[in-house]
Amino acid sequence: MNNVTGAKSGAATRRDDLADIGGYVTAIARYLTEIAHRHPAVARLTPLEILIVRYVEMHGGVSPKDLAKSVGMQASNTSAALRSLARQGLIEKRRVEGDGRKISLHVTDEALRTIAMVRDITADALEDLVPRGPAAGRLLRALTEIEDGLRR
């Protein structure tokens, strides 16, 4: 039987712990996405579209190429998702001032309303599960550092 860290027997190694952290983060993201999809305004979006909208909101002005790289997508899949999000009025493509060949991505007011719903749903789901006080801040900083490190 596995212990808390998932190691099969004996003391878990750091690699076991890191692999288990990745597994838990992935599972948590999946559960939170499923919970958000129960809301009618969010259900129309794929999990990938939610990821893109949230990423563009956090990194406004990102290029499609940098978006694809940052979220680990193929350029063709990114283009298809961006077309869908533009048709839904959630993402705007703008020419970069000074270089009309480059495009930057920005969220719309409708996207901000959708993101606010997803954030509220996420906060409600985690309310009783994440410790209060400084522990929550430490967890947030650690997750932010991990995401930043993976994006490099």
Side-chain angles (χ1 to χ4, degrees), residues 2 4-6 16-97 99-152:
N2 293 354
V4 172
T5 64
D16 290 329
D17 289 345
L18 294 173
D20 290 344
I21 288 168
Y24 282 117
V25 168
T26 301
I28 290 166
R30 190 186 85 234
Y31 293 133
L32 291 173
T33 300
E34 288 174 7
I35 291 167
H37 267 97
R38 294 178 192 150
H39 192 287
V42 180
R44 66 189 161 111
L45 301 174
T46 68
L48 184 58
E49 288 173 336
I50 292 171
L51 174 69
I52 289 171
V53 170
R54 290 191 78 180
Y55 188 89
V56 172
E57 190 266 336
M58 290 171 30
H59 305 92
V62 66
S63 71
K65 180 181 176 181
D66 289 342
L67 168 69
K69 180 181 175 189
S70 295
V71 298
M73 293 175 54
Q74 299 280 338
S76 60
N77 295 342
T78 304
S79 294
L82 289 172
R83 280 192 303 275
S84 172
L85 291 167
R87 276 193 307 273
Q88 295 178 64
L90 299 173
I91 295 286
E92 293 178 346
K93 296 178 183 180
R94 299 181 192 158
R95 297 271 176 212
V96 173
E97 196 172 314
D99 188 348
R101 297 170 297 163
K102 293 184 179 178
I103 299 285
S104 64
L105 303 171
H106 303 271
V107 293
T108 65
D109 289 342
E110 177 63 23
L112 292 174
R113 286 188 288 276
T114 302
I115 291 167
M117 281 185 258
V118 171
R119 290 178 59 83
D120 285 344
I121 293 164
T122 300
D124 289 346
L126 296 176
E127 178 65 40
D128 295 328
L129 303 174
V130 174
R132 295 182 181 276
R138 286 191 301 274
L139 176 59
L140 179 58
R141 281 189 298 281
L143 291 171
T144 301
E145 289 172 12
I146 290 167
E147 188 211 11
D148 289 346
L150 290 170
R151 224 179 323 115
R152 288 187 202 127

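For the single chain, residues carry numbers from 1 onward in sequence order.
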Tell me, do [X] and [Y] make a side-chain contact under 4.5 Å, heavy atoms counted?
{"X": "L105", "Y": "L85", "answer": "no"}
{"X": "T33", "Y": "H37", "answer": "yes"}
{"X": "I91", "Y": "H106", "answer": "no"}
{"X": "R44", "Y": "L90", "answer": "yes"}
{"X": "S104", "Y": "R95", "answer": "no"}

Please name the pair of heavy atoms, one in [X] and one in [Y], separated by the smallest distance, quoted to 0.1 Å.
{"X": "P64", "Y": "L82", "result": "CB-CD1, 4.0 Å"}
{"X": "T114", "Y": "A41", "result": "CG2-O, 4.4 Å"}
{"X": "V53", "Y": "A111", "result": "CG1-CB, 3.9 Å"}
{"X": "V42", "Y": "A36", "result": "CB-O, 3.4 Å"}
{"X": "A68", "Y": "T78", "result": "CB-OG1, 3.2 Å"}

- Message: Using the rule given for side chain to side chain contact (heavy atoms under 4.5 Å, CB included), can you reason through L126 versus L32, listing the C-alpha separation, both sets of side-chain angles and the distance that settles it, and then say yes or no?
- Response: CA-CA 9 Å; L126 296 176; L32 291 173; 4.2 Å; yes
Can you tell me how far apart [atom1] ([X]) and [atom2] ([Y]) are? Round to the nearest 0.5 Å.
{"X": "I50", "Y": "M117", "atom1": "CD1", "atom2": "CE", "result": "10.5 Å"}
{"X": "L51", "Y": "L67", "atom1": "CG", "atom2": "CG", "result": "8.0 Å"}
{"X": "E92", "Y": "I103", "atom1": "CD", "atom2": "CD1", "result": "12.0 Å"}
{"X": "L112", "Y": "R119", "atom1": "CG", "atom2": "CZ", "result": "11.0 Å"}
{"X": "L150", "Y": "S70", "atom1": "CG", "atom2": "OG", "result": "11.0 Å"}
{"X": "R113", "Y": "E110", "atom1": "CZ", "atom2": "CD", "result": "4.5 Å"}

- Query: Does H59 have any ring-ring contact (aromatic ring centres under 6.0 Å, His included) partners at least two apart in sequence or in another chain, and if so, which?
  - Reply: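 Applying ring-ring contact (aromatic ring centres under 6.0 Å, His included) to H59 gives Y55.
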- Message: Looking only at side-chain N and O atoms, does S84 offer a donor or acceptor that is under 3.5 Å from a partner on Q88?
- Response: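 A pair is found: one side chain offers a donor N or O, the other an acceptor, under 3.5 Å apart.
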- Message: Quick check on K93: does its NZ atom have over 12 non-hydrogen neighbours (other residues, nucleotides or ligands) under 6.0 Å away?
- Response: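 Yes, enclosed.
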- Message: Please evaluate residues R132 and E127 with respect to the criterion salt bridge (charged side-chain N to carboxylate O under 4.0 Å, His left out), reporting the C-alpha separation (whole Å), side-chain torsions for both, the decisive distance (0.1 Å), and the verdict.
- Response: CA-CA 9 Å; R132 295 182 181 276; E127 178 65 40; 2.6 Å; yes
- Message: Run M58 and E147 through side chain to side chain contact (heavy atoms under 4.5 Å, CB included) and show every step you take.
- Response: CA-CA 13 Å; M58 290 171 30; E147 188 211 11; 4.3 Å; yes
- Query: Is a side-chain N or O of E34 found less than 3.5 angstrom from the main chain of Y31, in a donor-acceptor match?
  - Reply: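 Flag not set: sc E34 to bb Y31 has no pair under 3.5 Å.
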- Task: Please test R38 against I121 for side chain to side chain contact (heavy atoms under 4.5 Å, CB included), starting from the C-alpha separation and ending with a verdict.
- Result: CA-CA 10 Å; R38 294 178 192 150; I121 293 164; over 6 Å; no
- Query: Excluding sequence neighbours, so at least two apart, what forms side chain to side chain contact (heavy atoms under 4.5 Å, CB included) with A135?
  - Reply: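 Partners of A135 by the side chain to side chain contact (heavy atoms under 4.5 Å, CB included) criterion, ordered by chain and then number, come out as P131, R138.
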